[in-house]
Amino acid sequence: MNDLQTRSEKISNIKKASAIFDEAGEIIQGGGLVAFPTETVYGLGANGLDADACAKIYEAKGRPSDNPLILHVADRAMVNQVAATVTPMAERVLAAFAPGPVTVILPKRDEVPPKVTGGLSTVGIRMPDNDVARALIRAAGVPIAAPSANRSGRPSPTTAAAVLADMGGKIPLILDGGPCRFGVESTIVDCTGERAEILRPGAITREMLAEVLGELAPPPILQADEAPRAPGMKYTHYAPLAPLTLIAASREKNGEAFRAVIREAMAEGKRPGVIVSRALADELSEYVPLELIAVYGDADNLSSMAAHLYECLRSFDDKDADVLFAEAVPEEGLGVAIMNRLKKAAGGRIRFID
Ligand code: TXA
Ligand code: MG
């Protein structure tokens with residue numbers, strides 16, 4: 001599956017792009033793949049009720065087939081097409097946050113093929129807050145199964161160019177809706193049990209969910225031999241090409257901490273690259289060549305850091321950094337999701353400096 005011509009179509013006005021949505025809808029109905037923007041990251045979409053079409057997603061991504069896909073719906077009515085029951089808990093989450101960056105886990109209907117859910121009896125459902133995504137779902141007329149549109153293990157794509165880098169030659173069409181607003185994948189909430197449980201942190205934070213649900217199940221403390229409840233969370237993820245280490249220091253100590261690890265790397269003959277907030281980037285510009293500094297955003301604005309996280313990781317793909325260091329953020333609010341992704345990208349390598 002490496003011989004397709006991949007077209008990337010810029011969508012600036014939905015109404016004027018009806019021919020492209022007709023074409024994209026036909027590709028999905030015909031069992032093909034279309035990449036599309038959402039408010040979180042770009043998705044790689046197929047007809048979510050067609051097992052053979054979904055098999056192509058796993059093939060294009062090189063994704064383990066036990067890792068279930070999320071079904072994307074255009075409106076509340078479509079949720080009933082894929083969920084056997086919508087629990088009161090899910091109803092509250094959807095009312096408060098859909099469309100938006102949240103996925104609810106519910107019992108699946110028989111119409112949803114086991115291929116989509118990795119054999120589970122539950123299904124992940126999400127209503128994206130993105131006009132291009134919802135226009136595509138409407139054009140296709142079916143729920144669209146879509147994981148992030150990266151090759152398995154790579155950072156999720158937040159621009160059409162990043163999708164093209166990973167999926168070029170493997171899929172016929174990318175809908176380019178510009179850069180994604182949130183930049184980290186949806187919060188996954190299991191709504192099948194007694195208490196709601198966050199399986200993956202995202203932009204809808206624990207505090208926001210607690211406000212509409214009351215008490216949530218406590219965050220899991222994973223035992224080494226225990227499979228995570230969101231199967232995808234067990235795999236290596238978001239990894240840039242050069243090995244990454246997180247540097248966790250106080251704001252006052254950040255500059256000193258980074259200078260130390262940079263010196264150390266250079267003494268070993270390595271070229272270090274850094275992923276840091278704006279203020280720290282300014283501070284390090286004397287020590288690291290500019291092209292090896294990627295700026296997340298402002299340390300006081302976690303949303304901007306989340307939005308640029310994956311582009312920062314990908315920006316080193318074509319640079320000759322041997323090692324990467326990224327600035328850790330406090331694990332509060334959106335910082336929980338950012339650190340969750342950073343720790344996976346770093347394969348757990350984190351240095352605490354005080
Ligand atoms: O923001 C998002 O959620 C993006 C955009 C494209 O919508 N999608 C996304 O999909 O991140 P993906 O496939 O990269 O991640 C889906 C995660 C995986 O960790 C998977 O294991 C988990 O959701 N998941 C899916 N269905 C599940 C289920 N029935 N039970 C538990 N976890 C599930
Ligand atoms: Mg993914």
Side-chain angles (χ1 to χ4, degrees), residues 33-46 48 54 57-58 60-73 82-84 90 97-109 112-130 132-134 136-137 143-158 162-163 166-167 174-175 177 180-193 196-204 220 227-239 306 310 337 340-341 344-345:
L33 305 182
V34 175
F36 62 97
T38 79
E39 77 282 31
T40 59
V41 301
Y42 275 74
L44 180 61
C54 291
I57 293 179
Y58 289 97
K61 277 183 66 90
R63 176 173 174 130
S65 62
D66 67 340
N67 191 357
L69 306 172
I70 292 173
L71 290 183
H72 294 69
V73 298
V82 291
F97 304 115
V102 70
T103 296
V104 291
I105 305 291
L106 287 170
K108 79 171 190 71
R109 284 180 73 116
V112 178
K115 178 94 223 165
V116 170
T117 62
L120 297 174
S121 61
T122 54
V123 60
I125 305 170
R126 164 161 143 70
M127 197 188 302
D129 185 17
N130 179 293
V132 175
R134 290 211 306 280
L136 173 67
I137 300 165
I144 293 189
S148 47
N150 51 285
R151 270 186 284 122
S152 201
R154 298 258 301 140
S156 299
T158 51
V163 177
D166 276 19
M167 290 296 152
I174 301 169
L175 302 179
C180 301
R181 189 152 42 101
F182 288 100
V184 290
E185 302 84 347
S186 61
T187 307
I188 302 180
V189 192
D190 186 342
C191 296
T192 61
E197 188 177 346
I198 297 176
L199 305 186
R200 179 176 71 183
I204 304 298
R229 301 272 312 284
M233 300 309 274
K234 71 176 177 275
Y235 298 106
T236 314
H237 253 76
Y238 318 121
Y310 292 137
N340 171 271
R341 308 311 193 271
K344 284 182 199 301

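In each ligand, atom 1 is the first atom listed, and ligand 1 is the first ligand listed. Positions are given from 1, in the same order as the sequence printed here.
Residue Ile188 touches ligand 1 through its side chain alone, judged by heavy-atom distances below 4.0 Å.
For ligand 1, one of its N or O atoms has an N or O atom of Arg126 under 3.5 Å away. Polar contact check, Arg200 against ligand 1: a nitrogen or oxygen pair lies under 3.5 Å apart. Residue Arg63 has at least one nitrogen or oxygen atom sitting less than 3.5 Å from a nitrogen or oxygen atom of ligand 1, judged on distance alone.
Of all atoms in ligand 1, numbered sequentially from 1 with element shown, those under 4.0 Å from a heavy atom of Leu120 are 28 (C), 29 (N), 30 (N). Near Ser186, with a cut-off below 4.0 Å to any heavy atom, the atoms of ligand 1 are 1 (O), 2 (C), 3 (O).
The shell of residues lying under 4.0 angstrom from ligand 1, judged by heavy atoms, includes Asn67. Residue contacts with ligand 1 leave out Lys108, since none of its heavy atoms falls under 4.0 Å from the ligand.
In this structure, a donor-acceptor pair under 3.5 Å is absent between the side chains of Glu185 and Ser148. Judged by distance alone, the side chains of Thr40 and Arg181 never bring a donor and an acceptor atom under 3.5 Å apart. For Ser186 and Arg200, the side-chain atoms include at least one donor-acceptor pair closer than 3.5 Å.
Within the 6.0 Å centre-distance limit, the rings of Tyr238 and Tyr310 are counted as a close aromatic pair.
If you run side-chain contact (heavy atoms from CB on, under 4.5 Å) between Val41 and each of Ser156, Pro147, Pro155, only Ser156 comes through.
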